[in-house]
A.B. asks: 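If you scroll down you'll find the structure; I have some questions about it.
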Amino acid sequence: MDFIAEFILEVILEGFFSVTVHNPKVKTWIKTLIFSLFVHILTALMVWGTVSLYQQGDGAWYVIATLAAAWGIGMQIAAIYGHKKGWPNNG
């Protein structure tokens, strides 16, 4: 399990975003598209989990639904803000 978490955090997130978000040669629209795509995939997985819990009759589905909605809306606002600011490099 440790290997999977390390792979996801180091290789995919750091490697992928250091090449795109922190690269000044990549256009702002491409950065926004990549960020939005990544975030919406995570949101879709959360919604999928919500639907699965709802179908199983688990009463905690509304918690995941609330988190998915807050995550999706918050990250969409972050994508708009990041795009307007030109994705400044904080590193």
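Just so it is clear, the structure is predicted and the values come from calculations on it, not from any experiment. In what follows, every heavy atom counts, from backbone to side chain, and hydrogens, waters and symmetry copies are set aside.
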A.B. asks: Are Met46 and Val51 co-members of a hydrophobic cluster defined by side-chain heavy atoms under 4.5 Å apart?
C.D. replies: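 No: no chain of side-chain contacts under 4.5 Å links Val51 to Met46.
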A.B. asks: Only one of Val39, Thr32, Leu33 clears side-chain contact (heavy atoms from CB on, under 4.5 Å) with Ser36; which?
C.D. replies: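 Of all the options given, the one that passes is Thr32.
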A.B. asks: So if you build clusters from Ile, Leu, Val, Met, Phe, Trp, Tyr with side-chain heavy-atom gaps below 4.5 Å, do Ile64 and Ile73 land together?
C.D. replies: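 No, Ile64 and Ile73 fall in different hydrophobic clusters.
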A.B. asks: Would a single hydrophobic cluster contain both Leu67 and Phe38, if residues Ile, Leu, Val, Met, Phe, Trp and Tyr are joined by side-chain heavy-atom contacts under 4.5 Å?
C.D. replies: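 In one cluster with Phe38: Leu67, yes.
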A.B. asks: Taking atom types as modelled and ignoring hydrogens, do the side chains of Thr43 and Trp71 form a donor-acceptor contact shorter than 3.5 angstrom?
C.D. replies: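 Yes.
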A.B. asks: What's the separation between atom CG in Leu37 and atom CD1 in Ile41, rounded to the nearest 0.5 Å?
C.D. replies: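 So the CG of Leu37 and the CD1 of Ile41 are separated by 4.0 Å.
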A.B. asks: Under the side chain to side chain contact (heavy atoms under 4.5 Å, CB included) criterion, do Gln56 and Trp61 qualify, and how do the steps go?
C.D. replies: CA-CA 9 Å; Gln56 293 174 4; Trp61 66 269; over 6 Å; no
A.B. asks: Could you report the tightest heavy-atom contact between Met75 and Phe35, atom names first, then the distance?
C.D. replies: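 The answer is O-CE2, 3.6 Å.
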A.B. asks: State plainly whether one hydrophobic cluster holds both Leu53 and Tyr62, where clusters connect Ile, Leu, Val, Met, Phe, Trp and Tyr through side-chain heavy atoms under 4.5 angstrom apart.
C.D. replies: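 Yes, same cluster.
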